[in-house]
Amino acid sequence: MRIAASLLGADFLHLAEETRKAENAGIAILHLDQMDGHFVPNISFGPDTVSAFRSITDRFLDVHLMLSEPMRYIERYAAAGANLITVHYEAENPLESLKLIHKLGLPAGLSIKPATQIEEILPLLPYTELVLVMTVEPGFGGQPIHPDCIAKIAALKDFILREKLPVLLEADGGIKESNAARLAAAGLDIAVMGTGVFRSKDLSKTVSVIENKEAFTPFWLKKPEL
Ligand code: DX5
Ligand code: ZN
């Protein structure tokens with residue numbers, strides 16, 4: 001399992017230093033939450049923020065769109081330097097959004113909220129490189145994990161392996177050193193962690209406990225040194 005550091009959990013007055021902290025701990029993926037105040041009851045970053053991160057890091061930028069109308073913004077996020085763009089199944093036009101992300105030359109992720117059943121998204125799996133299972137209601141960092149979501153990850157992993165689909169599994173929300181092993185055992189590939197990374201008292205230890213760099217080599221994570 002690899003960690004994606006969610007900058008929503010960072011100190012907003014020191015985002016460059018927080019980025020360095022994640023990089024120095026060996027974290028290869030930075031997760032950037034985009035919210036519109038409509039799909040979720042909060043507002044976070046925008047395309048210009050993604051562009052600002054792009055200018056200070058060569059790490060993989062994993063952009064999570066919690067937007068009701070992702071089609072309106074996908075091109076701007078691609079131009080801002082996103083390396084992967086994830087849209088929500090519950091938002092407008094999920095299939096068209098995945099196709100547009102591919103047309104722009106990027107891998108595409110599909111995310112589901114805790115109440116969405118996996119059967120609903122199975123027909124869309126051939127159009128995605130990653131499924132992001134929300135393990136909390138999207139919108140805010142620092143919430144406790146919904147333990148039911150772990151069974152969802154295990155069921156999705158079974159399906160992906162059975163159908164031999166090139167799809168990675170990512171989970172987002174409430175992931176900590178104390179529950180990461182259960183998620184890894186369920187077949188999780190990428191653990192998004194905000195509080196768990198940026199409030200860690202010993203980040204190198206957190207990374208060494210959770211990360212297993214040999215566990216997978218996503219074809220889209222281009223830089224072999226990461
Ligand atoms: C929640 C966001 C998460 C958030 C996770 O809507 O999508 O990425 O930063 O934060 P923690 O790890 O603190 O639960
Ligand atoms: Zn997220």
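Atoms within a ligand are numbered from 1 in the order they appear, just like the ligands themselves.
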Contact check, Gly9 vs ligand 1, heavy-atom distance below 4.0 Å: no
Backbone or side-chain N or O of Gly174 under 3.5 Å from ligand 1 N or O: yes
Closest approach of any protein heavy atom to atom 5 (C) of ligand 1, naming residue and atom: Asp172 OD1, 3.5 Å
Ring-face cation contact, Phe39 with Lys113, 6.0 Å cut, 45° max: yes
Nearest-neighbour protein heavy atom for atom 13 (O) of ligand 1, which is reported as residue plus atom name and distance: Thr195 OG1, 2.4 Å
Atom 6 (O) of ligand 1: nearest protein contact (heavy atom, Å): Gly139 N, 2.7 Å
Taking atom 2 (C) of ligand 1 as the reference point, the nearest protein heavy atom with its distance: Asp33 OD2, 3.2 Å
Minimum-distance protein heavy atom relative to atom 11 (P) of ligand 1: Gly142 N, 3.6 Å
salt_bridge(Arg72, Glu69) N-O dist < 4.0 Å: yes
Vertex the Zn ion (ligand 2), arms to Asp33 OD1 and His31 NE2, rounded to 10°: 90°
N-O pairing of Lys21 and Glu18 below 4.0 Å: yes
Joint hydrophobic cluster, Ile112 plus Phe140, side-chain heavy atoms closer than 4.5 Å: no
Top protein contact for atom 9 (O) of ligand 1, by heavy-atom distance: Ser6 OG, 2.7 Å
Ring centroid separation Tyr77 to Phe45 under 6.0 Å: no
Interatomic spacing from CG in Leu132 to CG in Asp62 - rounded to 0.5 Å: 7.5 Å
Check: Val192 N/O within less than 3.5 Å of ligand 1 N/O: no
Ser6 and Asp33 side chains, donor-acceptor separation under 3.5 Å: yes
Atom nearest to the Zn ion (ligand 2) - His64, N, O or S atoms considered: ND1
Heavy atom of the protein closest to atom 10 (O) of ligand 1 (residue, atom name, distance): Gly141 CA, 3.5 Å
Which residue and heavy atom of the protein sit nearest atom 1 (C) of ligand 1, plus the separation: Phe140 O, 3.6 Å
